[in-house]
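Structure record follows, encoded as structure tokens.
Numbers restart at 1 for each chain; the letters A, B, ... are given by sequence-line order, proteins then strands. Heavy atoms only: backbone and side chains are in, while hydrogens, waters and symmetry mates are out.
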Protein chains: 2
Amino acid sequence: MLNKESSGDCTVSTCRAKNRAIKDALDVLNGSWKLQILVSLSEGTKRFKEISREVEGISDKMLSKELKDLEMNQLVTRTVRDTFPPTVEYSVTDHAATLKEVMIALSEWGILHRNKIIGS
Amino acid sequence: MLNKESSGDCTVSTCRAKNRAIKDALDVLNGSWKLQILVSLSEGTKRFKEISREVEGISDKMLSKELKDLEMNQLVTRTVRDTFPPTVEYSVTDHAATLKEVMIALSEWGILHRNKIIGS
DNA sequence: GTAATTAATAACCGATTGGTTAGCGATAAC
DNA sequence: GTTATCGCTAACCAATCGGTTATTAATTAC
């Protein structure tokens, strides 16, 4: 071990591994919508329109696509109810619950960064 | 307060705030490269080519653009040394250090997710 | 009869992401 | 002389991101 660690507790080899893991995570969570959708759903089961109302700015097309992606990655489940105006319910899976730390870290940093830069 | 909280410790109002903060963070960290670059630089000051070698798959064009973005957001500093083959050094700022928790959370989840899904 | 509702999908568009190739300068190695 | 080096930049291209509008079905409200 060298003294490199003092500058950021990241050695050459651990950096590589970290980067691989971060890439894996980002490949699944890419775009600005997925985490927002998951936060919204972490509140409880919701219908398509409810999510679209809560996640400000998202279009139906994107919401539909993102939900499909999330379903494929086993982060969300979809339940269709056989009613007249169609009813489709979405919920987070247990696996999505493991994203809690990521969400907390990101939202805390978002606030920090806004104070530092955006809200100059 | 309602019993909503039991299902995911996220109320309607806290969800909105969380989503705003997450959006702020993602607007700055978007794409699959920025966090990887920051992890690489967290090891210490590096030159352009060193980063490009460490962040697997990134092209010069993208690295150049991403570094510019990071500099604009005060996450990275750029130092030009006046030599013949040009020497440009990049370092993380103190502000970038506050991303530590985000990086840890994301890399841990990346590993978890790979075990769960990708590495079936 | 007309309009609104829900969860999409299709068609079309522009913007962004990201890759590839080529080029610049001055020097050093072959 | 030729080639390689470094940190970009420009030109060109494809794929993706993301928005808008229109359409579908069966039923309710006006």
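With rounding to whole Å, A:Asp69 atom CG is found 14 Å from C:dA8 atom P. Atoms CG (B:Leu26) and P (D:dG18) sit 11 Å apart, rounded to a whole Å. One interatomic measurement links the two molecules: CE of A:Met62 to P of C:dC13, which rounds to 18 Å at whole-angstrom precision. Spacing between atom CG of B:Asp60 and atom P of D:dC6 amounts to 10 Å, rounded to whole angstrom units. The nearest whole Å value for the distance from the CD1 atom in B:Ile37 to the P atom in C:dG18 is 10 Å. C:dA7 atom P lies 18 Å from atom CD of A:Glu66, rounded to whole Å. Regarding A:Glu71, its CD atom lies at a distance of 15 Å from the P atom of C:dA7, rounded to whole Å. Rounded to an integer number of Å, the gap from A:Trp33 CH2 to D:dC17 C1' is 11 Å.
Nucleic acid contact for B:Ser32: sugar-phosphate only, since backbone atoms but no base atoms lie under 4.0 Å from a heavy atom of the residue.
Looking at heavy atoms from C-beta onward, A:Leu75 lies in side-chain contact with A:Val28 at the 4.5 angstrom threshold. Taking 4.5 Å as the limit, every side-chain heavy atom of B:Val88 sits out of range of all side-chain heavy atoms of B:Thr79.
Under a 4.0 Å N-O distance rule, the pair A:Glu89/A:Arg78 does not qualify as a salt bridge. A salt bridge links B:Lys65 with B:Asp69: at least one charged nitrogen is closer than 4.0 Å to a carboxylate oxygen.
The nucleotide whose nearest atom lies closest to any side-chain atom of B:Arg47 is, among D:dC6, C:dT9, D:dC8, D:dC6. Among the nucleotides D:dC6, D:dT20, D:dC8, the one closest to the side chain of A:Ser59 is D:dT20.
Between A:Ser64 and C:dT9 there is a side-chain polar atom (N or O) within less than 4.0 angstrom of OP1 or OP2. Of the side-chain N and O atoms in B:Tyr90, none sit less than 4.0 angstrom from OP1 or OP2 of D:dC6. Under 4.0 angstrom from either OP1 or OP2 of D:dG18 there lies no side-chain N or O belonging to A:Lys65. In terms of phosphate contacts, A:Lys68 brings a side-chain nitrogen or oxygen within less than 4.0 Å of OP1 or OP2 of C:dT9. Taking side-chain N and O atoms only, B:Arg78 has a distance below 4.0 Å to OP1 or OP2 of D:dC8.
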Heteroatom pairs (N/O) under 3.5 angstrom, protein to nucleotides 23-30 of chain D:
none

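Connection of B:Leu112 to B:Leu106 is established within a shared hydrophobic cluster, with ILVMFWY side chains joined at heavy-atom distances below 4.5 Å, either directly or through further cluster members.
In this structure, B:Lys100 fails the cation-pi test against A:Trp109, since its NZ or CZ atom is not both closer than 6.0 Å to the six-membered ring centre and inside 45 degrees of the ring normal.
Panel note: side chain A:Lys68, backbone A:Ser64; no donor-acceptor pair is recorded below 3.5 Å.
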| request: With side-chain hydrogen bond (donor to acceptor under 3.5 Å, both in side chains) as the test, would you mind laying out the steps for B:Asn19 and B:Lys23 before giving the verdict? | output: CA-CA 6 Å; B:Asn19 267 345; B:Lys23 196 175 173 56; over 6 Å; no
Here DNA chain D, pairs taken as Watson-Crick or G-U under 3.5 Å and shown with ( ), [ ] when crossing and | when to another strand, reads |||||.||||||||||||||||||.|||||
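Atom CD of B:Glu101 has 12 or fewer heavy atoms from other residues, nucleotides or ligands within 6.0 Å.
Side chains of A:Gln74 and A:Thr93: no donor on one and acceptor on the other come within 3.5 Å.
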